[in-house]
Participant: 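Take this structure first; my questions come after.
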Amino acid sequence: MISVRRRASRLAAAALVSGLVAAGAMTTAAPAAADDTVPHTGGATATLDGLKTFDGAIIHHKNGKDQKIGAGLFGMTVDNGGSLQTYCIDIANPTQEKAKYQEKSWNETSLHNNADAGKIRWILQNSYPQVNDLAALAKSAGAGALTEKTAAAGTQVAIWRFSDHADVTAENAEAEKLADYLEKAAQNLEEPKASLSLDPPAVSGKPGDRLGPIKVNTNADSVTVEAAGAASGVQVVDKDGKAVTSAANGSELFFDVPADAPAGSAAATVKATTKVEVGRAFASESKSQTQILAGSSESTVTATATAEWAKAGPVPAVSAEKNCSAGGVDITASNKGDEPFTFELGGQKHTIEAGKSETVTIPVKEDQPYEFTITGPNGFEKKFSGVLDCETTGTGGGEPSSEPSPATAGGSAGGDDTTGGEGDLAETGSSSATPMIAGIAGALVLVGGAAVFLVRRKKGAAAGE
């Protein structure tokens, strides 16, 4: 149990260090369709609207200084429909105005090594806005009257004690009682499941085969399936070879490629409308503080899988995922061709035999942008980019920025601009006095060495055979 009286903040400075840029050797063949950019790996994608329902909190720093900030609920607008409410789990980092966020697993965020992550989910399920009866919540906490603002602030303070192990208190006495109650009562729960994902997100093979399977994982009742960028005759089918336009959780999808199809590629996009589970993490590629879901309306979620095929030679399928536990990015490459698939990574050669798969972790420094371009036979090209954000410490000295993270409280902070919606969002009124977070773009300097991926065919193999 972490006592609020304990002055043991773990907020430490993280220096801005060299970036990592990787570029691959280009092939002479025309780029394969659907491989110009990395598809969305799955889940909800949303834009940060700002801190909406909040009150004041005080961080007690190790040097004896206190800092006032806003604490409460953020709002997000989901791409193609829907809205989210989130709390911060990244107190020392700033938010960026209108930052784009994607639903992520805990292992891809600062929760990856946090033994208390499950307690944060318990708090989310047992406090505001999931518990919208504020009188009942106050009674459970042994507090007096709670408003939406003070309930949100108390909940956020309790979350920070576990997400950042910060020494933080609520300005309002009743909000502080709520925070203490939630901290003491919290129990470890399992990580919630993704709203939508495809496993694996990339497959390969030869014409005449069904490329897959690709398993659909979702909490939605059903999903729609749409193929794009496919050569003539290529279809998305089920395990029986029947063309599909919809699927359900656990369904297996395949790309059915005609035997006479020339070397090429295709993509399949899966889409659903569902509520994202409370406790899912949301991370940004623009170095904006990591969030955790407190409530969701019915929202649009998507995932995309790609397929590559060729008659002969190596036929690679490549995907990438952040691995905060290993401090880098996992590159997974498989080879469904009939020749070895060889590439160099950081000066080391990796060869994937026909029918085999290998995952290589590329070290990336915290807070740094990365970009990898991997090329191969028949115009194969994959680009992966992002920012590794795996720690709760920021680059500005380990203290929350006065602007824009998460809001500045001059004397007391407060705001309420939360509106209800279909789903498990709070049903509260809105105020005309809505502070908006000022965005400050973080300039990240790319310095230093680069890791180079070289993907090439075995000598003598004819491209596009």
Side-chain angles (χ1 to χ4, degrees), residues 1-14 43 57 59-62 71 86-93 101-128 130-131 140-141 154-170 176 178-194 197 276-284 289-294 321-330 361 363-367 388-394 398-400 405-406:
M1 187 63 61
I2 304 171
S3 172
V4 71
R5 306 327 189 246
R6 200 153 128 209
R7 303 295 187 254
S9 171
R10 297 184 187 176
L11 304 177
I59 297 178
H60 310 285
H61 294 291
K62 282 172 144 185
T86 60
Y87 285 108
C88 166
I89 53 171
D90 195 8
I91 196 172
N93 283 313
Y101 280 77
Q102 288 188 352
E103 181 183 343
K104 297 291 185 181
S105 68
W106 287 357
N107 191 52
E108 296 177 90
T109 72
S110 56
L111 296 178
H112 71 280
N113 62 348
N114 190 331
D116 294 322
K119 294 182 179 180
I120 299 171
R121 189 185 183 196
W122 186 95
I123 291 171
L124 293 165
Q125 290 184 341
N126 290 274
S127 190
Y128 182 76
Q130 290 302 306
V131 178
S140 297
T155 305
Q156 176 67 91
V157 166
I159 288 171
W160 276 331
R161 294 176 186 173
F162 289 122
S163 65
D164 297 76
H165 299 104
D167 188 358
V168 57
T169 56
E176 176 64 11
L178 174 61
D180 287 344
Y181 157 72
L182 294 171
E183 180 187 7
K184 292 175 183 177
Q187 303 172 32
N188 260 315
L189 302 181
E190 292 184 357
E191 179 178 0
K193 295 180 180 180
S197 66
V276 184
E277 286 195 39
V278 168
R280 288 295 288 172
F282 279 78
S284 172
Q289 65 182 206
T290 308
Q291 306 279 312
I292 195 163
L293 189 69
E321 185 177 73
K322 291 180 183 177
N323 185 342
C324 285
S325 297
V329 179
D330 285 344
T361 302
V364 179
K365 293 185 177 181
E366 178 69 11
D367 291 347
L388 194 71
D389 185 7
C390 295
E391 306 298 332
T392 56
T393 51
E399 296 184 4
S405 170

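Owing to the predicted nature of the structure, the values given are computational and were not obtained by experimental measurement.
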Participant: With a 4.5 Å cut-off on side-chain heavy atoms, are Val168 and Arg161 touching?
Facilitator: yes

Participant: Please identify each residue that fulfils salt bridge (charged side-chain N to carboxylate O under 4.0 Å, His left out) with Glu321, with sequence neighbours left out.
Facilitator: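 With sequence neighbours excluded, Glu321 shows a salt bridge (charged side-chain N to carboxylate O under 4.0 Å, His left out) to no residue whatsoever.
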
Participant: For the CH2 atom of Trp160 and the CG atom of Asp90, what is their distance to the nearest 0.5 Å?
Facilitator: 10.5 Å

Participant: Is there a side-chain contact between Trp106 and Pro192, using heavy atoms and a 4.5 Å cut-off?
Facilitator: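 Counting from C-beta outward, Trp106 and Pro192 do come under 4.5 Å.
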
Participant: Kindly give the heavy-atom pair with the smallest separation between Ala185 and Trp122, and that separation in Å.
Facilitator: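 Minimum heavy-atom separation between Ala185 and Trp122: CB-CH2, 3.5 Å.
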
Participant: Determine, stepwise, if the pair Ile89 / Ile159 fulfils side chain to side chain contact (heavy atoms under 4.5 Å, CB included).
Facilitator: CA-CA 7 Å; Ile89 53 171; Ile159 288 171; 3.8 Å; yes

Participant: Output all residues satisfying salt bridge (charged side-chain N to carboxylate O under 4.0 Å, His left out) with Arg121, sequence neighbours left out; order by chain, then residue number.
Facilitator: Glu277

Participant: State, with a plain yes or no, whether a side-chain heavy atom of Ile123 is found less than 4.5 Å away from one of Phe162.
Facilitator: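 They are in side-chain contact.
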
Participant: Under the side chain to side chain contact (heavy atoms under 4.5 Å, CB included) rule, what do Ile292 and Thr109 come out as? Steps first, then yes or no, please.
Facilitator: CA-CA 10 Å; Ile292 195 163; Thr109 72; over 6 Å; no

Participant: With sequence neighbours excluded, what pairs up with Ser325 under the side chain to side chain donor-acceptor pair (under 3.5 Å) test?
Facilitator: Asn107

Participant: Got a second to check how far Gln156's CD is from Leu178's CG, nearest 0.5 Å?
Facilitator: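 The CD atom of Gln156 sits 12.0 Å away from the CG atom of Leu178.
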
Participant: Main chain of Cys88, side chain of Gln289: is a donor-acceptor contact present, judged purely on distance under 3.5 Å?
Facilitator: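 A pair under 3.5 Å: no.
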
Participant: Donor-acceptor check, side chain of Gln125 to backbone of Gln130, threshold 3.5 angstrom: yes or no?
Facilitator: no

Participant: So, using side chain to side chain donor-acceptor pair (under 3.5 Å) as the criterion, who are the partners of Asn323 when residues are at least two apart?
Facilitator: Asp330

Participant: So, for Val157 and Ala57, which heavy atoms are closest and what is the spacing to 0.1 Å?
Facilitator: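 Result for this residue pair: CG2-CB, 3.9 Å.
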
Participant: Please find the pair of heavy atoms, one from His165 and one from Asp116, that lie closest to each other, and give the distance.
Facilitator: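 So the two residues come closest at NE2-OD2, 3.1 Å.
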
Participant: Got a donor-acceptor contact below 3.5 angstrom from the Asn126 side chain to the Leu182 backbone?
Facilitator: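 Not at all, since once roles are kept as given, no pair shorter than 3.5 Å links the two residues.
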
Participant: List the steps and the verdict of side chain to side chain contact (heavy atoms under 4.5 Å, CB included) for Asn114 and Lys119.
Facilitator: CA-CA 10 Å; Asn114 190 331; Lys119 294 182 179 180; over 6 Å; no

Participant: Any chance you could lay out the side chain to side chain contact (heavy atoms under 4.5 Å, CB included) test for Arg280 and Gln291, step after step, and finish with the verdict?
Facilitator: CA-CA 9 Å; Arg280 288 295 288 172; Gln291 306 279 312; over 6 Å; no

Participant: To the nearest 0.5 Å, how far apart are OG1 in Thr361 and NZ in Lys322?
Facilitator: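 One finds 14.5 Å between OG1 of Thr361 and NZ of Lys322.
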
Participant: If the condition is side chain to side chain donor-acceptor pair (under 3.5 Å), which residues does Tyr101 pass it with, not counting sequence neighbours?
Facilitator: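 Counting only residues at least two positions away or on another chain, Tyr101 forms a side chain to side chain donor-acceptor pair (under 3.5 Å) with Ser288.
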
Participant: Go through Lys193 and Glu103 one step at a time and tell me if the salt bridge (Lys or Arg N to Asp or Glu O under 4.0 Å) criterion holds.
Facilitator: CA-CA 11 Å; Lys193 295 180 180 180; Glu103 181 183 343; over 6 Å; no

Participant: Quick one: side chain to side chain donor-acceptor pair (under 3.5 Å) partners of Ser284, sequence neighbours excluded?
Facilitator: Ser286

Participant: Which heavy-atom pair separates Thr155 from Ser127 by the least distance, and what is that distance?
Facilitator: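 That closest heavy-atom pairing would be OG1-OG, 2.7 Å.
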
Participant: Should Glu191 and Lys104 count as an ion pair when the cut-off is N to O under 4.0 Å?
Facilitator: no

Participant: Between Thr290 and Asp389, is there a side-chain heavy-atom distance shorter than 4.5 Å?
Facilitator: yes

